[in-house]
Amino acid sequence: MQRLKLIFLLIAVFSFQTAFCKVGFPSIIGDNMVLQQQSNVPLWGTATDNAMVTITTSWNKKIYKTKAGSNGKWNISVSTPAAGGPFTISFSDGQLSTLKNILIGEVWLCSGQSNMEMPVKGFKNQPILNSNDIAASAENPNIRMFILEKKVSRIPLDSCKGSWTVSDGATSKQFSAVGYQFAQMLQEKLKVPVGVIGTYWGGTPIQAWMDESSLKSFPEMKIPLPADTGRLTPNVPTSLYNGMIKPVIGFGLKGFLWYQGESNVGIYPSYERMMQSMVGEWRKLWKNDSLSFYYVQIAPYTYGADTARRSAFLRETQLKASTSIPNAGMAVAMDVGTQRGIHPPDKTTISKRLLYLALAKTYHKNGIAFSGPVYKSMKVDTSRVNIDFNFAENGLTSFGKDLANFEVAGADKIFYPATARITNAGITVQSDSVKEPVAIRYAFKDWVIGDLYNNEGLPASSFRTDDW
């Protein structure tokens with residue numbers, strides 16, 4: 001009997017050691033993942049303390065070796081070829097582990113608040129336009145998705161919960177409608193695998209997605225200390241960076257898609273600088289200054305009398321950020337908002353506009369317009385104002401409708417509705433109520449339906465010429 005107990009004990013010890021020796025990975029590195037093509041992508045995980053970890057990539061049979069630290073952690077970069085797959089990656093520190101069904105292609109991270117989170121299936125009683133059509137065409141093994149489980153934290157975390165899934169009618173309905181349709185259209189255009197990572201949480205402000213370093217210039221944002229005992233919410237600065245960005249930092253990407261801002265209309269004056277700081281820090285942490293950053297300008301919506309025009313000022317800061325942040329671009333949503341719904345159902349149009357940015361600016365496809373008309377200058381001609389625009393070389397259009405969103409003001413700073421017409425040089429604006437115009441505003445309200453486009457069908461952002 002004693003000998004039998006000894007045998008069982010030895011088996012238990014051996015089993016424990018075997019389990020302990022097996023190489024481990026964070027959730028973001030797993031079966032079905034997409035790795036960024038033609039780059040050096042980081043891989044990391046855990047192994048036996050101080051063990052030598054051997055990695056073999058099936059696409060080139062190359063063998064890599066790295067030594068785990070005294071804490072068992074290891075990190076290495078492997079080179080990826082042009083798009084293809086499926087492939088495998090084998091790992092061993094004495095016991096073999098293999099990741100399977102891996103594709104090489106393009107990888108984008110999707111983040112923000114509820115308009116990014118809103119899935120293909122929609123929210124309860126809040127639909128997504130074309131939802132069933134999107135799901136019906138979602139059977140595509142070349143699209144993969146990873147959704148981070150929601151997590152707040154006072155300290156930066158190394159791990160998250162989630163897994164890579166292959167696109168089909170069921171899995172697509174759980175992912176961001178903006179992010180999924182972007183992936184679907186990008187995959188169709190480039191004919192390569194596309195992976196999208198979803199890390200988003202509705203109703204959250206930008207400061208929750210920023211790390212401590214990027215918030216140093218904003219002392220009004222109180223960062224919780226690790227020792228704080230109060231309840232932590234997703235509105236607290238750094239809480240979502242710690243729990244939902246930090247765990248995937250380093251995973252090979254082509255760029256970021258961002259849809260956020262509704263929760264910051266009350267502090268719009270600092271939003272542009274906060275965007276600049278966040279994007280700069282994210283790129284620094286990924287060790288890649290060339291990562292594209294494309295974002296959606298918040299759509300018009302009736303926010304309420306207490307916040308009148310604040311969203312227009314927030315849209316203005318987002319417009320300014322499109323030129324102050326390098327390698328960035330903004331998709332305008334002036335024509336797809338809903339007056340009493342902060343979640344516009346038409347995410348297809350938004351995804352297309354993000355796609356145009358990526359195709360033109362990241363993948364350098366010729367002939368694709370990526371911006372609507374952008375205000376350039378104005379010139380007063382007695383009681384009329386002539387306005388010139390960038391990104392309108394082929395002309396402007398309202399698609400046959402009257403331009404109803406221009407206002408003009410004189411020195412008294414009172415704005416009156418104006419008559420606007422498209423000319424060969426731009427737009428001429430005037431109002432019988434203003435004999436000596438000083439300033440022009442276009443669609444500078446909480447709720448409005450944009451009606452000015454360039455000939456490529458991309459809308460103009462709301463804008464103003466004054467600084468009142």
Side-chain angles (χ1 to χ4, degrees), residues 112-116 118 129 177-178 181 257-262 264-265 268 271-272 275 294-303 307-323 328-357 369-376 387 389-392 395-407 415 417-418 420 422 426-427 429 440-466:
Q113 59 181 110
S114 56
N115 271 308
M116 180 60 86
M118 195 174 189
L129 185 67
V178 169
Q181 289 182 94
L257 302 180
W258 176 253
Y259 195 165
Q260 192 278 335
E262 296 90 345
N264 286 100
V265 295
Y268 65 84
Y271 191 81
E272 180 190 1
M275 281 188 72
Y294 302 134
Y295 61 98
V296 184
Q297 186 183 49
I298 62 171
Y301 162 71
T302 302
Y303 280 83
T307 58
R309 291 190 188 268
R310 284 189 184 180
S311 66
F313 287 105
L314 191 284
R315 292 197 303 265
E316 180 181 57
T317 66
Q318 290 179 311
L319 176 62
K320 291 178 179 178
S322 66
T323 55
M330 183 180 75
V332 175
M334 292 299 299
D335 54 342
V336 294
T338 49
Q339 185 173 6
R340 293 179 177 84
I342 202 168
H343 302 127
D346 184 1
K347 297 295 193 283
T348 304
T349 297
I350 294 304
S351 299
K352 283 182 180 179
R353 290 170 183 170
L354 290 170
L355 176 75
Y356 299 151
L357 284 162
F370 60 86
S371 173
V374 175
Y375 169 76
K376 182 180 179 181
I387 308 173
F389 294 85
N390 290 319
F391 300 104
L396 299 164
T397 184
S398 61
F399 292 103
K401 298 179 181 179
D402 291 337
L403 291 171
N405 293 312
F406 280 92
E407 298 174 290
F415 282 91
I422 296 171
I427 288 181
V429 179
I440 297 292
R441 288 183 175 182
Y442 166 73
F444 211 77
K445 301 174 181 177
D446 275 349
W447 167 244
V448 65
I449 300 175
D451 52 21
L452 175 62
Y453 302 79
N454 57 19
N455 263 22
E456 290 75 20
L458 295 174
S461 165
S462 51
F463 68 87
R464 60 179 178 146
T465 64
D466 64 275

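Note that this is a predicted model, so its numbers are computed, not measured. Counting begins at 1 with the first residue of the sequence.
We find the OH-CD distance between Y356 and E456 to be 10.5 Å, quoted to the nearest 0.5 Å. Note that CZ of F444 and CZ of F415 are 9.0 Å apart. Values are rounded to the nearest 0.5 Å. Atom NZ of K347 and atom CG of L129 lie 10.0 Å apart (nearest 0.5 Å). Atom OH of Y294 and atom CG of L257 lie 9.5 Å apart (nearest 0.5 Å). In this structure, CZ in F463 is found 5.0 Å from CD1 in I387, a value given to the nearest 0.5 Å. Rounded to the nearest 0.5 Å, atoms CD (Q318) and CZ (F313) are 14.0 Å apart.
Residues Q260 and Y271 bring a donor and an acceptor atom of their side chains to less than 3.5 Å of each other. Residues S311 and D446 have side chains that bring a donor and an acceptor to within less than 3.5 angstrom of each other.
Inter-residue side-chain proximity for M334 and P300 is flagged as met; some heavy-atom pair is nearer than 4.5 Å. Using a 4.5 Å cut-off on side-chain heavy atoms (C-beta onward), Q297 and S322 make no contact. Within the 4.5 Å cutoff, side-chain heavy atoms of K352 are placed close to those of T348. Within the 4.5 Å cutoff, side-chain heavy atoms of R353 are placed close to those of T349. Side-chain contact between Y303 and L314: absent, with no pair of heavy atoms (C-beta onward) separated by less than 4.5 Å. Two residues are said to be in side-chain contact when any heavy atoms from C-beta on lie closer than 4.5 Å; P373 and L396 meet this criterion.
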CA sep, side-chain torsions, deciding dist, call: L354, V296, side-chain contact (heavy atoms from CB on, under 4.5 Å): CA-CA 8 Å; L354 290 170; V296 184; 3.9 Å; yes

Stepwise side-chain contact (heavy atoms from CB on, under 4.5 Å) test for L452 and I427: CA-CA 10 Å; L452 175 62; I427 288 181; 3.5 Å; yes

L319 vs R315, side-chain contact (heavy atoms from CB on, under 4.5 Å): CA-CA, chis, key distance, verdict: CA-CA 6 Å; L319 176 62; R315 292 197 303 265; over 6 Å; no

Residue pair T323, V374: steps toward the side-chain contact (heavy atoms from CB on, under 4.5 Å) verdict: CA-CA 11 Å; T323 55; V374 175; over 6 Å; no

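A salt bridge between K401 and D335 is absent, with no side-chain N of the basic residue lying under 4.0 Å from a carboxylate O of the acidic one.
Of all heavy-atom pairs between S462 and A443, the closest is CB-O, 3.1 Å. Of all non-hydrogen atoms in I342 and Y301, the two that sit nearest each other are N-CE1, 3.5 Å. The two residues Q113 and G261 have their closest heavy-atom pair at OE1-N, 3.1 Å. Contact record, G372 with N454: CA-ND2, 3.6 Å, taken as the closest heavy-atom pair. In this structure, T338 and W447 approach most closely via the heavy-atom pair C-CZ3, 3.5 Å. Nearest heavy atom pair, residue P344 against residue N115, reads CD-OD1, 3.4 Å.
Scanning for salt bridge (charged side-chain N to carboxylate O under 4.0 Å, His left out) contacts around E262 gives an empty result, with sequence neighbours left out. By the side chain to side chain contact (heavy atoms under 4.5 Å, CB included) test, A404 is found to be paired with D451, residues two or more places apart in sequence or in another chain being considered.
Between F391 and F389, the ring center distance fails the sub-6.0 Å criterion.
Applying the 6.0 Å contact sphere to CG of L403 captures more than 12 heavy atoms from other residues, nucleotides or ligands.
Checked by atom type and distance alone, the side chain of T302 never pairs as donor or acceptor with a backbone atom of R340 at under 3.5 Å. Panel note: side chain Q181, backbone A177; a donor-acceptor pair is recorded below 3.5 Å.
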